[in-house]
Amino acid sequence: MSELLGGWKRTNYCANFTTADAGKQVTLMGWANVRRDLGALVFVQLRDRTGLMQIVFNSNTLSAEDFARACTIRSEFVLAVRGELVLRTGDMVNKNMETGKLEVLVSEFKILSESETTPFEISDNCKANELLRLKYRYLDLRRPAMQKNIVMRHKIAFVAREYFNDQNFIEIETPILTKSTPEGARDYLVPSRVHPGKFYALPQSPQLFKQLLMLSGYDRYFQIARCFRDEDLRADRQPDFTQIDLEMSFVEEEDVLAVNEGFLQKLFQETLDVDIQLPLPRLKYEEAMARYGSDKPDTRFGMELTDLTSIFAKSEFSVFQNAIAAGGSIRAVNAKGASSSFSRKELDALGEFVKTYRAKGLIWMNDKAEGLASPILKFLSEDEIAAVRKAASFEQGDVLFIVADVDKTVFASLGALRLKLADKLGLIPEDKFNLVWVTQFPLLEWNEEEQRYSAMHHPFTSPMDEDLEKLDTDPGSVRAKAYDIVLNGVEIGGGSIRIHSQQLQQKMFRALGFTDEQAQYRFGFLMDAFRYGPPPHGGLAYGLDRLAMIISGCTSIRDVIAFPKVQNASCPMTGAPDYVDDKQLLELNIACTNTEE
RNA sequence: GGCCCGGUAGUACAGUUGGUUAGUACGCCAGCCUGUCACGCUGGAGGUCAGGGGUUCGAGUCCCCUCCGGGUCGCCA
């Protein structure tokens, strides 16, 4: 039977005690973590969000009735206990528990709630699979590790509010029900009851609103904003996720970076007590690609790419010839000292791995003690080998991996291979937090499917001043005032200086292949607004989930989101998304053309 | 949409070449125990081997399909 609180007040959390508190009368409330029944003596670990405290029910000091009641306590029963905090001495001390030198000798208690046996053990030792954990997420969230993650996430959000407030930013909310933006990710749509056939869209980001706020004079804005994208999930992607979003007026790129470096320094100081040295290192996009094969390089280890294109310019090997003829390149990563780390089978598996990234194959050169081994040895001249050795510091004991293809494929495959090799060879230091800015992104990206350029960042990103004139003549080579902040190989944020000139914005829309009418239809309200004095502005948005993931040492953002969704974008706990009553659909003027069984 | 990995008591796993009644640990239930702390001891209950179809004298095991989960490519301005 559930008992009522009956006026009892908690005096303390379970784990907020020191031995100096011994002798105090306390009232604790929490969940029974573990019960050890010795017959005439029952030990229970009481758990709340601070930790554990052992409580003792003694048949000598309790009435027979109360003791019998204590014997009914099971895991996850909710208890309120009153008693004396007593010091444990000698063998009674539990050295594995933070509060192991103390326990509460219970004089009075209430069983506030009983509990059925949980589907899995509420403990960090719990090995239950993630689907089960997510179905019973409310139980999973009781586990100390999850509580730690959720509290850390709170701390990050709190530091952000504190820092940006101190920097004179104003937190402003923007709408969740808004207008569909056809560029970019797929929108989640919400039907309108009062406007049959019309739909709201959930925001992919507060981008347009924050730019309008700059025009409205709010100068420095931030928001911890929920965003929605109807795209496939990943370990680091959820359909609804949270950004720490900010925008500033009367600034240039350097100003945005500076204020954010201050934030990151404070954040790492206050969450992990880690010193971040400023200014943060920067890499131009082009350099990041050339050195790491990625626009989000993990700089915690070396193994940088080497360009071998010129060495093989006259090679007779057809794979190399073809790559060069296609305007591509031949590049390599060198796994130093890994000569004996790979079996033939593993080398073949790496070949399959790079095919994931559209590479046609992976060429390896293994410089073993007994001599150089490579499937393409017969195509290589002495001079070429010597030049490769020099260029890639390729020495005895190393394995060199080469991909020859168009640049996009070379970078994608070697960038991924570099990470995979480093992981296998144990080259990635776990305790390092390497932040790096990647700057000067291309403004545009050729979209094969639609046979037109699309914005790499978004259509409001400003081109770099020195590339402006190329917008008409050579759009693909125009660089943008866009920047990403990368932490240990994860893009944790990105932003840009925006276009604040109507004329330039129109030019940009044309470069994207929009007619003026299309631009007006899609972004008319922004275009209209920009007739009324938009200030120069720019900003940045962090992925709060990813930031929390890395700071908490997790490998999936699901571990730092209280109620995440699984890969098919459903929620195992609530069952969302789900069918609705015909009546609801009728009211919304919606008919479904295709439904699952 | 593609590729890879996985699904066996409540949980985590084992299950040989296809062969008797599908095991182990933890958890759970009952009994005993006054210093346990991974408590201990005794006994017990608990299985749609993800679902469907096929091969076979015989399928947890082999084949096909479906569902579900994870990773990833595409996708994610």
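In what follows, chains carry the letters A, B, and so on, assigned in the order in which the sequence lines appear, proteins first and then strands, with residues in each chain numbered from 1. Because the structure is a prediction, the values reported are computed rather than measured. No hydrogens, no waters, no symmetry mates; every other heavy atom, side chains included, goes into these values.
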Query - Contacts of type ring-ring contact (aromatic ring centres under 6.0 Å, His included), residue F222(A), not counting sequence neighbours - result: F164(A)

Query raised in the report: Rounded to whole angstrom units, what separation is found between the NZ atom of K127(A) and the P atom of G70(B)?
Result: 20 Å

Query raised in the report: What pairs meet the salt bridge (charged side-chain N to carboxylate O under 4.0 Å, His left out) rule with one or both residues in residues 451-461 of chain A, with sequence neighbours excluded?
Result: E183(A)-R452(A), E450(A)-R452(A)

Query - Listed nucleotide nearest any side-chain atom of A185(A), set G70(B), U34(B), C76(B) - result: C76(B)

Query raised in the report: Does F441(A) have any ring-ring contact (aromatic ring centres under 6.0 Å, His included) partners at least two apart in sequence or in another chain, and if so, which?
Result: Y285(A)

Expected rows: protein N/O vs nucleotides 2-10 of chain B N/O, under 3.5 Å:
unit_1, atom_1, unit_2, atom_2, d
G10(B), O2', P119(A), O, 2.9

Are there any protein N/O atoms within less than 3.5 Å of an N/O atom in nucleotides 42-46 of chain B, and if so, which ones and at what distance?
none

**Report entry** Set of residues satisfying ring-ring contact (aromatic ring centres under 6.0 Å, His included) with respect to Y188(A), sequence neighbours excluded
**Finding:** none

Query raised in the report: Taking the P atom of each, how far is C62(B) from G70(B), in whole Å?
Result: 25 Å

Query raised in the report: Taking the same atom, C1', in U56(B) and in C63(B), what whole-Å distance lies between them?
Result: 12 Å

Report task. Could you identify which residues of residues 82-107 of chain A place a heavy atom less than 4.0 Å from some atom of RNA chain B, listed by residue number, or say none? Result -> R88(A), D91(A), M92(A), V93(A), N94(A), N96(A), E103(A)

Query raised in the report: Does F57(A) have its ring centroid less than 6.0 Å away from the ring centroid of F43(A)?
Result: no

Report summary line: Checking G74(B), C75(B), U34(B) against the side chain of R186(A) (C-beta onward), the nearest is C75(B)

Query raised in the report: Can you list every salt bridge (charged side-chain N to carboxylate O under 4.0 Å, His left out) pair that touches residues 563-577 of chain A, not counting sequence neighbours?
Result: D240(A)-K565(A)

Query raised in the report: If you measure from the C1' atom in G27(B) to the same atom in C68(B), how many Å do you get, rounded?
Result: 25 Å

Requested in this report: Please list, by residue number, the residues of residues 47-57 of chain A whose heavy atoms come closer than 4.0 Å to an atom of RNA chain B; answer none if no residue qualifies.
Outcome: Q54(A)

Query raised in the report: Which of residues 58-70 of chain A sit near RNA chain B, with a heavy atom under 4.0 Å from it?
Result: N58(A), S59(A), N60(A)

**Report entry** Residue among V190(A), D187(A), L189(A) satisfying side-chain contact (heavy atoms from CB on, under 4.5 Å) with L202(A)
**Finding:** V190(A)

Query raised in the report: With under 30° as parallel and over 60° as perpendicular, where do the rings of Y136(A) and Y138(A) fit, or are they tilted in between?
Result: perpendicular

Query - Those residues of residues 229-245 of chain A lying under 4.0 Å from RNA chain B by at least one heavy atom - result: R229(A), E231(A), D232(A), R234(A), A235(A), R237(A)

Query raised in the report: Got a sec, which residues hit side-chain contact (heavy atoms from CB on, under 4.5 Å) with V256(A), two or more places apart in sequence or on another chain?
Result: M248(A), V251(A), N260(A), Y483(A), I497(A), L540(A)

Query raised in the report: Can the ring centres of Y13(A) and F17(A) be said to be less than 6.0 Å apart?
Result: no

Report task. Report the nucleotide, chosen from U11(B), U36(B), C28(B), that has the shortest atom-to-atom distance to any side-chain atom of A128(A). Result -> U11(B)

